[in-house]
K.L.:
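Questions regarding the structure given below will be posed in turn.
Remember, it's a predicted structure, so these values are computed and weren't measured experimentally.
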Amino acid sequence: MAEQRRIEIGLSAAIVGMLEKNPAILCLPTSNANNFDALPDGPFTPSQHRTMEEGLRELAEAQTGIRPGYVEQLYTFGDRGRTPVAGDQTPHVVSVGYLALMRLSDEPENAGWRNWYEYFPWEDWRPGRPVILDEIIIPQLLSWANERNDPQAIVRGLDPLSRVRIAFGLDDLNWDDELVLDRYELMYSAGLVPEAVADGRVEQTIFDMPLGEAMMHDHRRILATAIARLRGKLKYRPVIFELLPGTFTLTHLQQTVESIFGRAVHKQNFRRLVETAELVEPTGASQQATGGRPAALFRFRSEILRERPAPGLKVGRS
């Protein structure tokens, strides 16, 4: 019987903030051979960390100089290929992923903010439907799915072609903004992303230019999970205000919501939605807009948390 590798528990953080009008993720410089970006992560040490969440906060602060505010656990990531090195006998790391939200007030140390759509360009529909979908991703996935007709290709009762149709909103289906991980997993399975090469799934991708920036190990999978969680969370919890300053204009609020969902929202419909949801209240102050009238400043109305069980923003397309 082959000797079993030991298992260690790691902690990984997808720390999200707003960089100008884009959602940004805090990344560490790496020295790996592929030069892939990495999320803040490190080992969970029970002798030092009373809880995993405390350990995550301490690790993030030690690596970036920033201590996350809002934090929630995502999922446990431990696939066999997440740290593939032939003959490696070091412990296999099972990482617990976290989503963290913060306002960009302090400059990070030994880390940098990057627009998360650099890793998932097909998820940003604000300028319109991404060309990369119809020119590259969907044709390649359909070709891959049509060749996969063996029983092992069935996942959760769905064949590959059905999974592609659902994840990418083909035929009579709509694009679901929460299926971020499903879309990435299909692209990984089809060998369309550099991580599939690094994990030994394929020898090389079929493109000279990568489909989005790659990340170390399964960090892009963790980020995809974080994006999907945040998009879903905004619909029933007011976590959007964890990314905003104490006071803000309704335009700033709308731009932040649009950036997270990756799609434009009709201005008047959005304002009616915010008014109906009673999530904000005017401060009585205003902000001088460049070349226009002063814009009223608002703040989060925290009383809503005691008034309704699920106060969120169920936005629709413009």
K.L.:
Suppose we screen for salt bridge (Lys or Arg N to Asp or Glu O under 4.0 Å). Which residues come up paired with Glu58, at least two apart in sequence or across chains?
P.N.:
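In terms of salt bridge (Lys or Arg N to Asp or Glu O under 4.0 Å), with neighbours along the sequence ignored, Glu58 is linked to no residue.
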K.L.:
To the nearest 0.5 Å, what is the distance between CZ on Phe270 and CG on Leu313?
P.N.:
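Here the rounded value is 5.5 Å.
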K.L.:
In chain order, what residues pass the side-chain contact (heavy atoms from CB on, under 4.5 Å) check against Glu213, with sequence neighbours excluded?
P.N.:
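side-chain contact (heavy atoms from CB on, under 4.5 Å) list for Glu213, sorted by chain: Arg114, Glu118, Tyr119.
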K.L.:
Can you list everything that forms a side-chain contact (heavy atoms from CB on, under 4.5 Å) with Glu20? Sequence neighbours excluded, please.
P.N.:
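Checked Glu20 against side-chain contact (heavy atoms from CB on, under 4.5 Å); zero matches.
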K.L.:
For Glu61, enumerate each residue passing the side chain to side chain donor-acceptor pair (under 3.5 Å) test, keeping only those at least two apart in sequence or located in another chain.
P.N.:
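In terms of side chain to side chain donor-acceptor pair (under 3.5 Å), with neighbours along the sequence ignored, Glu61 is linked to Arg67.
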K.L.:
Would you please name every residue forming a side-chain contact (heavy atoms from CB on, under 4.5 Å) with Gln48, sequence neighbours left out?
P.N.:
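If we apply the side-chain contact (heavy atoms from CB on, under 4.5 Å) test to Gln48, skipping adjacent residues, the hits are Thr45.
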K.L.:
Which value, rounded to the nearest 0.5 Å, describes the distance between Met18 atom CE and Asn115 atom CG?
P.N.:
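Met18 CE to Asn115 CG: 9.0 Å, rounded to 0.5 Å.
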K.L.:
Please round to the nearest 0.5 Å and tell me the distance separating atom CG of Leu28 and atom CG of Leu26.
P.N.:
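Result: 6.5 Å between the selected atoms.
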K.L.:
Donor-acceptor pairs under 3.5 angstrom involving side-chain atoms of residues 236-252: please list them, not counting sequence neighbours.
P.N.:
residue: Arg237; atom: NH1; partner: Pro309; partner atom: O; Å: 3.2
residue: Thr249; atom: OG1; partner: His252; partner atom: N; Å: 3.0
residue: Thr251; atom: OG1; partner: Arg271; partner atom: NH2; Å: 3.1

K.L.:
For residues Lys235 and Asp177, determine if any side-chain heavy atom of one lies less than 4.5 Å from a side-chain heavy atom of the other.
P.N.:
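The answer is yes; the side chains approach within 4.5 Å.
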K.L.:
Report yes if some heavy atom in the side chain of Glu195 is under 4.5 Å from a heavy atom in the side chain of Arg220; otherwise report no.
P.N.:
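Answer yes - side chains close enough.
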K.L.:
Measure the acute angle between the ring planes of Phe77 and Tyr75, then classify it against the limits of 30° and 60° as parallel, tilted or perpendicular.
P.N.:
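Rings of Phe77 and Tyr75: perpendicular, as their planes differ by over 60°.
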